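Here's the structure, in structure tokens; my notes come after.
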There are 2 protein chains.
Amino acid sequence: MWAARYAEGVQGGYSPNVPTNRKPRVTIDQVAQATGVSRQTVSRAINNKSEIDPETRRRVLEAAQAMGYRPSRFARGLVRQDLITVGLVIADVLNPFFPEVTAGVLEAAERRGWQVVVYNTGSERRKELEVVDMLFDQVDAGVAFLLHHEAIAKATAGNLPFVLLDKGGRAPAVPGVRIDFEGGARRGLEYLIDRGHRRIAMLDDEAYLSAEAPNTRRELYLKVMGERGIPVDIDWIQPAHNSIDGGAVAMERLLSAHRDVTAVFAYNDLIAIGAQLRARALGLRVPEDCAFLGFDGLSIGELVEPPLTTLHIDKRRLGEIAVEQAALLLGGMSEDEIPEAVIEPQLVVRASA
Amino acid sequence: MWAARYAEGVQGGYSPNVPTNRKPRVTIDQVAQATGVSRQTVSRAINNKSEIDPETRRRVLEAAQAMGYRPSRFARGLVRQDLITVGLVIADVLNPFFPEVTAGVLEAAERRGWQVVVYNTGSERRKELEVVDMLFDQVDAGVAFLLHHEAIAKATAGNLPFVLLDKGGRAPAVPGVRIDFEGGARRGLEYLIDRGHRRIAMLDDEAYLSAEAPNTRRELYLKVMGERGIPVDIDWIQPAHNSIDGGAVAMERLLSAHRDVTAVFAYNDLIAIGAQLRARALGLRVPEDCAFLGFDGLSIGELVEPPLTTLHIDKRRLGEIAVEQAALLLGGMSEDEIPEAVIEPQLVVRASA
DNA sequence: ACCGCTCACGTGAGCGTTCACGGAGACATT
DNA sequence: AATGTCTCCGTGAACGCTCACGTGAGCGGT
């Protein structure tokens, strides 16, 4: 039970700036005056530099602490040009894919002494555009997962060093990491086909229905099935919300129309897991009655029964590479000089397929 | 297969500042000069203000774009005092507990138009101290999950608005959210006891062994068991690394000494899940042979077989409240005026206990 | 007594914006 | 013709800090 005022703040009539009597900032000059020294001496004390008497330093530090002085990062950043902040744009923190990417970004950024500010878009077009705008004002470089073409165009058109996580089939001139979905999907589907599956359904991410981005996973599915001469019923492709629940719902829909599918190729692990869970709840045996193949290699795939077979993507590495590309860009390298970076999904056979 | 230069960067001889020929910043004055107007007019164009001829605005914007001009956030922040950044300090992005908290923080921050910069500590003492230091320079307010007393002391001693996620039993004067572990643990343990369990083991987070923070969960376990007159074998308490694997390892250790325990009260869901998985792999039936009770209410608890019974914490709300407290602090409210905030864990009975 | 050196500290300038003004010109009003 | 009122635009100042200097005191060496 928390106090009511918090609850109010969050729900109904919320007021953005609560009590606006913000204390004025204590400046370095005030500390200097109070201690009877100059700005520069205070600066020396604060930044732990030499050319200052230890006793003076102590006095200054003490006064600063007492007065509640904290150097302004703006003033400091204005004069020292080496404080770098990178913006990380992701679709959804709650999707386990992104924390892994984030871990990579955080780690690589920390090695460089960079700050990382995080933005969530929910893959909504409006939010993506908003965030891209914000990026331009607030960071020195952007590392982003964007779905909507318009947002990507805006981001790359500007003059901000910008790197795409998952650049897909975009022109080489736009920096970013390419995840080789083609190779991955091919390996996965051929694995299923080689194990004798012929009626292979696909649970696709519904977000791509509204996005202009090409959905390579679905195209690849069609392509590989075609190559192998396996006829595809168009109803085998079901859109799913990108979540466990979404996968469950889509699976149920699929099953009600096509109880005879023997395998499911899911857009990603989240959808695969939901689908598999629901299939089992509906009485199907996995993988005997229906096999499941995910895409992403989330660690939660190991938790379900049976553990999920999947195409594993090194998400951490993905984040790291993106930061490294951003560093090159920031260092003055031009977009088209950035070396190609491709991440290869690996088939991890567990037990669901 | 990504290009070798990335790999090098990450592994061995890594050089922090790669190619240092950073382009000099384009300033507003340069744009002004190029367009033949004054700074102020450029500023008006960039910030979409009035008192400017539409045609002039177009020209300025065009030139700005062409020259690669982006306003300096430092210069801007220096003069406008309303750009707020809050630092979010968490132990580990990969622990599903934190993405949920992060989601709450991100959402609340976005409502206020704040930026969020994220730091990972891994709960290491050294990293925590480092991050706290960094916080003082880089943000306007801190929202942090800290384990080590020294780091907490440093953070609260400074004059930065600072809020603890999980303030535990700390003095009311330090702002933060209290998670009522006592109430939660009590409800959980009594549930187990009421269902007839007497030999209840505890899998504890080993991180608390080195931290000075009081580990309320373990104390509560001892206390409640004592109150109910149930003798506790000290070996029933096993330290575990805070991860699924850690839970598995600890469970195996526990089982080799005490095969007769009928229930496990885990420090959190991660450890509970690992333990339960391992127990089943070792041939135990859940919950018949051994019941499992987690703490946190992670959504992945629903994925395992059987679904994990747990004490659910509203982690999203936790993050939101913390931001709201930070807002109050930032608004000038003093530490001891911040209203008490407590989050009550709810027993969610699924099937593992 | 002079030079030179070190140590501790201060001074002016400048970082790139925005804000509060002030002012010129065009046009309408008296 | 003088006055008022828009619209558009420019000019100092200020934001809070660091950097490159400059300076004076103290001290040992010749």
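Naming convention: chains lettered A, B, ... in sequence-line order (proteins, then strands); numbering from 1 in each chain. As the structure is a computational prediction, the values presented were derived from the model and not from experiment.
Between the CD1 atom of B:Ile52 and the C1' atom of D:dC6 there is a distance of 17 Å, rounded to whole Å. The CG-P distance, from A:Leu83 to C:dC15, rounds to 17 Å in whole Å.
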B/S/- contact track for nucleotides 16-22 of chain D, protein heavy atom under 4.0 Å = BBBBB--
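Applying the ring pair (Phe, Tyr, Trp, His ring centres under 6.0 Å) definition to pairs two or more places apart or across chains, none involves residues 104-138 of chain B.
No hydrogens or angles considered: nothing links the side chains of A:Thr27 and A:Arg39 as a donor-acceptor pair under 3.5 Å. Counting only N and O atoms by type, the side chains of B:Thr41 and B:Arg57 include no donor and acceptor under 3.5 Å apart.
A:Ser43 is linked by a side-chain hydrogen bond (donor to acceptor under 3.5 Å, both in side chains) to A:Asn47, counting only residues two or more places apart in sequence or in another chain.
Within 4.0 Å (heavy atoms only), B:Thr56 reaches sugar-phosphate atoms of the nucleic acid but no base atom.
The pair A:Asp53-A:Arg58 does not meet the salt-bridge criterion, since no charged nitrogen lies less than 4.0 angstrom from a carboxylate oxygen.
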